[in-house]
Each structure stands twice: as C-alpha cells, then as structure tokens.
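None of the values given here were measured: they were computed from a predicted structure. Numbering of residues begins at 1 and proceeds along the displayed sequence.
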Amino acid sequence: MTTPFHYEPGEATGPLPPPECPAHGLGIGPGGLRRFYGPEAEQDPHGLYEKLRAEHGTVAPVLLHGDVPAWLVLGHSENLQMTRTPSQFSRDSRRWRALQDGSVAPDHPLAPIFTWQPICVFADGATHERQRGAVTDSMNRIDTRGVRRHVNRYSNRLVNDFCQQGRTDLVSEFAERLPMMVMCAILGMPEEYNDRMVQAARDMTRGTATAVESNAYVLAALSRLVERRRREPADDFATWLVEHPADMNDQEVAEHLRLILIASYESTANLIANVLRMVLTDPRFRARLSGGHMTVPEAVEQTLWDEPPFTAVFGRWAVGDTELGGQRIKAGDALIVGIAPANTDPVVRPDLNADMEGNRAHLAFSGGPHECPGQDIGRAIADVGVDALLMRLPDLELAVDEGELRWVGNIMGRHLVELPAEFAPRSPQDDREPPSMGKPNQARQDWEVQSAVRHTAPTPVRTTAPQDLGRAPVGAVPAGATATADGSADARSGMIPQQRRPAAPARLWRVVTRWWNGY
C-alpha cells in the first residue's frame with residue numbers, strides 16, 4: 001500500500017474518522033495514518049507494529065508529534081538496506097523537507113533528537129569517517145578486562161547500599177546507576193558521578209520541560225573535562241579523543257563525549273533493567289539459567305532480540321526520490337529505523353518463542369556505518385553487572401505481581417519504571433573484592449531465580465572466613481554441623497561444604513567465568 005505524504009496542514013488525503021469514532025482514541029490521525037506517539041504507541045508498541053505491518057507491509061507511513069509524517073521501517077532487510085546505503089538515506093537532518101518548509105518548528109518535542117549538530121551521527125562521507133574514526137580508535141584503546149573489574153567493583157558497591165534491607169528497586173538502585181558510574185570512570189571524570197548526573201541523563205532525551213537544563217548540566221561537566229585534559233592528559237577516553245590525529249576542537253570533543261555518555265548510558269541502563277525483568281519473570285530464563293544451560297551473556301543476547309534497549313532510532317532522510325519496501329519515498333522524507341519491529345520480522349523470526357542462542361543478527365545496535373561503536377562495552381557492563389548482582393543476591397524474587405510492572409515510552413524506547421525485588425538480607429561486602437562464591441542462603445544451590453511468589457526471607461547463615469578455615473584442625477567439624485561420610489561439613493552448618501566430585505566441572509566453569517569477568 002502506498003500512502004502519499006502532504007506536509008501542509010489540511011492537505012492530508014484519505015478518510016478521516018468522525019469525531020465520535022473510537023479511532024480518535026486509538027492513535028489515528030489525519031489521513032487515517034497511525035500516530036507513532038501517544039498512549040497506544042507508548043503502552044503497546046508491539047501491537048502497533050503488527051497493525052502497521054498488516055496494513056502497509058515492511059515500510060509504513062506514521063505520524064510524529066504534531067502529526068508530522070514520517071516512514072517507519074518495519075522489515076529486517078529493509079532496515080539493513082536503509083542503514084547501509086547512506087548515499088540514499090542520509091543522517092543529515094537538514095535534508096528534512098518538513099524542517100525546510102517550516103512544518104516542524106525549532107521547539108518541536110523531538111528537536112533535541114533531530115537538531116543538526118557537528119558530530120558523527122549527523123554526518124556522512126569524509127566528515128563522518130574523520131569523526132567516527134576518532135571515536136572508534138579511542139574505543140579500541142579501552143581495556144575491556146579493566147572495564148569488567150570496574151563493573152564488578154561498582155556493582156558490589158551498589159548492592160552494599162541495599163543488601164541489608166531485603167528489598168530494593170532494581171531499576172533506580174542498580175540499572176540506572178551502574179552504567180553512569182562505569183562511563184564516568186571510562187571517560188575520565190569519576191568525580192562527576194552523582195544523582196544529578198543520573199537524573200540529567202535520563203531527563204534530557206525525553207522531551208520534558210527540564211530537558212534543556214539537564215542537557216546544559218551534562219555538557220558543562222564534559223566541557224570542564226575537555227579543558228582539564230587539554231592541560232593535564234591522562235590515560236582515559238577524553239584524553240584519547242583530545243589527542244587523536246583527527247584534531248577535533250573542544251566543542252567537537254565535548255559534543256562527542258556527550259553522545260557517547262548519553263547513548264551508552266541510556267541503552268545500557270535499559271538493557272540491564274530488561275535482562276533483570278526477564279530473569280525474574282520469564283520461565284525460559286529461570287529454568288535455563290538456574291540449570292546452568294544458559295549463561296548471563298546468552299541471556300543478554302536473547303534480551304537484545306526480545307526487548308532491545310532502543311526500540312527505534314530517528315532518523316534517516318531520503319537524499320532523492322526512491323523506493324523502499326514497495327513504498328515511494330520522496331526526497332526529504334524522514335524515516336525511522338525500526339529496531340524492535342525488525343527484531344520480530346516474521347521473515348527472519350517466524351517463531352517469537354524460539355531461542356536465538358548464538359544469533360547476533362538483531363538490530364539492537366542499528367547497522368551500517370552508524371552502527372553503535374560501543375556495543376561491546378555495553379554488553380560487558382550488562383554481563384558482569386547482572387552476574388555480580390545474582391552472585392551476591394542469588395535468591396532475588398519479584399516483589400510484586402508481574403502485571404503491576406509499568407513502562408514509560410517515547411519514540412526511541414520503552415523504559416521500565418520500577419522492578420521491585422526482595423531477597424534474604426545479608427551483610428555488606430568489601431567492595432574492593434570480587435563477590436563471594438559462598439552460598440549466603442543455605443536453602444539454595446548455586447544461584448537460582450524463583451517465581452514471583454512472596455516469601456518470608458530466611459536469616460542468612462554466616463560462613464566461616466577463608467583465613468579461619470586454614471586454622472581449623474584437620475577433620476574438625478564446626479558446632480552445629482553434621483559430619484558426612486567423606487568428612488565434609490553438612491550444608492546446614494556455617495561452613496561451605498566440600499565440593500563433591502560430580503560438580504567439579506561447574507567449579508571449573510566458575511574459575512573461567514571469574515577470569516573472563518576480570519577478577
């Protein structure tokens with residue numbers, strides 16, 4: 001189906017629903033086009049994708065805020081075609097015909113997203129290669145194992161803040177904080193990490209009344225960092241970008257640091273929250289993770305298919321008249337990279353319940369020359385962070401009914417508002433050390449995730465410190481323990497039971513995992 005766009009107000013063609021028609025409340029706008037904003041788009045985006053796919057195919061006309069027309073690309077191959085051919089679909093928003101003729105005002109709610117800036121995401125050709133090259137080269141200098149050690153340490157520090165309470169919100173107390181702590185350290189400004197920075201990063205991309213102020217706060221911190229690194233170079237990302245042969249000026253460096261900080265923070269915070277939600281609610285994750293048939297990195301990859309941190313990216317702009325997915329695209333038309341709908345395209349994924357183990361063909365990080373350069377860092381933060389959390393709190397359970405979970409949405413994604421969880425209270429650990437390998441809850445074997453059934457948290461049993469084990473005489477059994485046939489203490493005692501022979505492969509796997517995680 002082909003639906004022409006008419007940017008001038010009042011010139012939309014096609015049947016209009018009468019005022020009393022229920023369609024007015026279902027996101028239907030001028031010309032009968034569906035709105036890609038509002039209640040339906042925010043509360044049931046997947047339902048909207050399927051309606052658009054059924055009505056228009058792999059490329060669908062939609063309306064942005066203010067009923068401004070755009071194309072939403074739903075098909076997997078069509079998204080790849082668009083992102084991989086910048087000669088036809090440019091990232092330069094100044095090409096947008098609606099912007100040129102004044103249909104889109106400078107104070108449009110999406111202005112922070114589409115307003116052109118002198119950075120690589122709005123550039124094509126040689127300019128993009130120069131700026132993107134500086135970012136990619138600097139990314140390649142990051143020590144991934146060092147990042148994993150930072151993630152592990154910061155994860156434990158965050159868990160220490162709530163581990164004695166037996167209850168927490170995993171979104172606000174963990175998922176939204178860990179990526180900012182890590183990224184501030186990577187960029188070279190750990191002292192700038194605070195609640196205000198976290199709040200500003202969340203606020204500046206959501207079109208709120210305070211978004212401009214939040215953006216100014218973040219940019220001021222990054223500008224101070226650039227000035228300091230010009231005077232005092234260090235072994236951090238900001239210095240590498242300042243000293244790169246691309247010879248960026250201070251504004252370019254600060255703007256790219258902001259791009260990296262906000263994009264990596266937003267995507268990783270959403271990814272961690274989505275992984276934890278699936279771990280606590282999805283039977284596939286619970287069974288396979290608890291049984292050792294799925295690793296945390298595999299769970300992260302499955303989440304990137306099912307619930308990508310960004311559901312869509314705006315935008316691309318047609319360089320000339322062309323065709324995509326059977327639709328006639330005119331020069332200056334705006335297009336949206338449909339990440340979530342591409343991941344559920346029935347052509348590449350006919351069974352949405354099938355495991356996508358080992359398959360990285362998803363578009364969670366977009367594609368083509370503008371594919372996210374920091375995706376491996378995001379994966380590392382999510383992998384190690386979730387693993388460290390589950391090792392510290394192996395008895396995590398969802399504290400509310402799954403139906404009570406709420407999301408807020410915008411054109412770029414859905415954000416889980418809260419993820420209340422409960423567990424057996426335990427004492428803080430030294431956050432300079434890796435998480436304990438002991439079993440603080442004697443009722444569990446390894447770490448397992450249970451269903452969302454409320455429970456009375458048991459009192460954790462204190463384990464004997466490693467140095468105390470060395471002082472105990474051979475064959476001694478702690479008070480309250482029951483000796484077993486092989487001389488080890490029973491699991492009901494305060495000591496960690498001797499590893500039994502059948503579980504030795506699991507112990508070896510743990511050693512390998514600890515090495516991979518950087519500790």
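- Considering Leu48, Ile411, Val68, Leu52 in turn, Leu52 is the only one that fulfils the side-chain contact (heavy atoms from CB on, under 4.5 Å) rule with Val62.
- Residues Asp169 and Ser172 have side chains that bring a donor and an acceptor to within less than 3.5 angstrom of each other.
- Aromatic ring centroids of Trp96 and Phe314 lie under 6.0 Å apart.
- Using modelled atom types and a 3.5 Å distance limit, the side chains of Arg258 and Gln117 yield a donor-acceptor pair.
- Between Gln164 and Arg426, the closest side-chain pair of non-hydrogen atoms is not below 4.5 Å.
- Listed by chain and number, the residues in a ring pair (Phe, Tyr, Trp, His ring centres under 6.0 Å) with Tyr217 amount to none (sequence neighbours excluded).
- The shortest side-chain heavy-atom distance between Val135 and Gln131 does not fall under the 4.5 Å cut-off.
- Pro308 has its side chain out of reach of Phe365: every pair of non-hydrogen atoms, C-beta onward, lies at least 4.5 Å apart.
- Taking 4.0 Å as the cut-off between side-chain N and carboxylate O, Arg132 and Asp124 do not count as a salt-bridged pair.
- Note on Glu42 versus Arg414: no salt bridge recorded, every NZ/NE/NH1/NH2 to OD/OE distance being 4.0 Å or above.
- With sequence neighbours excluded, no residue satisfies ring pair (Phe, Tyr, Trp, His ring centres under 6.0 Å) with Trp240.
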What pairs of donor and acceptor atoms, side-chain ones from residues 242-250 against any protein atom, are under 3.5 angstrom apart with sequence neighbours left out?
{"unit_1": "His244", "atom_1": "ND1", "unit_2": "Ala246", "atom_2": "N", "d": "2.9"}
{"unit_1": "His244", "atom_1": "NE2", "unit_2": "Asp137", "atom_2": "OD2", "d": "2.8"}
{"unit_1": "Asn249", "atom_1": "OD1", "unit_2": "Gln251", "atom_2": "N", "d": "3.1"}
{"unit_1": "Asn249", "atom_1": "OD1", "unit_2": "Glu252", "atom_2": "N", "d": "2.7"}
{"unit_1": "Asp250", "atom_1": "OD1", "unit_2": "Arg230", "atom_2": "NE", "d": "2.6"}
{"unit_1": "Asp250", "atom_1": "OD1", "unit_2": "Arg230", "atom_2": "NH2", "d": "2.9"}

Discussion item. I'd like to know whether His362 forms a ring-ring contact (aromatic ring centres under 6.0 Å, His included) with His76, so could you lay out the CA-CA distance, the side-chain angles of the two residues, the decisive distance to 0.1 Å, and finally the verdict.
Written reply: CA-CA 8 Å; His362 57 72; His76 189 275; 9.3 Å; no
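- Taking Tyr37 as the reference, His65 meet the ring pair (Phe, Tyr, Trp, His ring centres under 6.0 Å) condition, with sequence neighbours excluded.
- Side-chain atoms of Asn274 and Thr303 form no donor-acceptor pair, as typed in the model, at a separation below 3.5 Å.
- In this structure, Arg91 satisfies the cation-pi test against Phe122, with its NZ or CZ atom closer than 6.0 Å to the six-membered ring centre and inside 45 degrees of the ring normal.
- Glu192 is linked by a salt bridge (charged side-chain N to carboxylate O under 4.0 Å, His left out) to Arg224, counting only residues two or more places apart in sequence or in another chain.
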Item to complete: Begin with the C-alpha distance, continue with both residues' side-chain angles, and end with the deciding distance and a verdict on salt bridge (charged side-chain N to carboxylate O under 4.0 Å, His left out) for Arg349 and Asp306.
Response: CA-CA 11 Å; Arg349 199 176 174 194; Asp306 296 338; 2.4 Å; yes
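- The pair Lys51-Glu40 counts as a salt bridge, with a side-chain nitrogen and a carboxylate oxygen less than 4.0 angstrom apart.
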Discussion item. Applying salt bridge (charged side-chain N to carboxylate O under 4.0 Å, His left out) to Arg228 and Glu191, what does each step give before you reach the verdict?
Written reply: CA-CA 13 Å; Arg228 187 165 63 251; Glu191 73 285 349; 2.9 Å; yes
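- Applying the salt bridge (Lys or Arg N to Asp or Glu O under 4.0 Å) test to residues at least two apart or on different chains, none of the pairs has a partner in residues 75-86.
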Worksheet item: What do the steps show when you test Arg177 against Asp195 for salt bridge (charged side-chain N to carboxylate O under 4.0 Å, His left out), and what is the final call?
Response: CA-CA 8 Å; Arg177 294 178 179 273; Asp195 289 344; 2.6 Å; yes
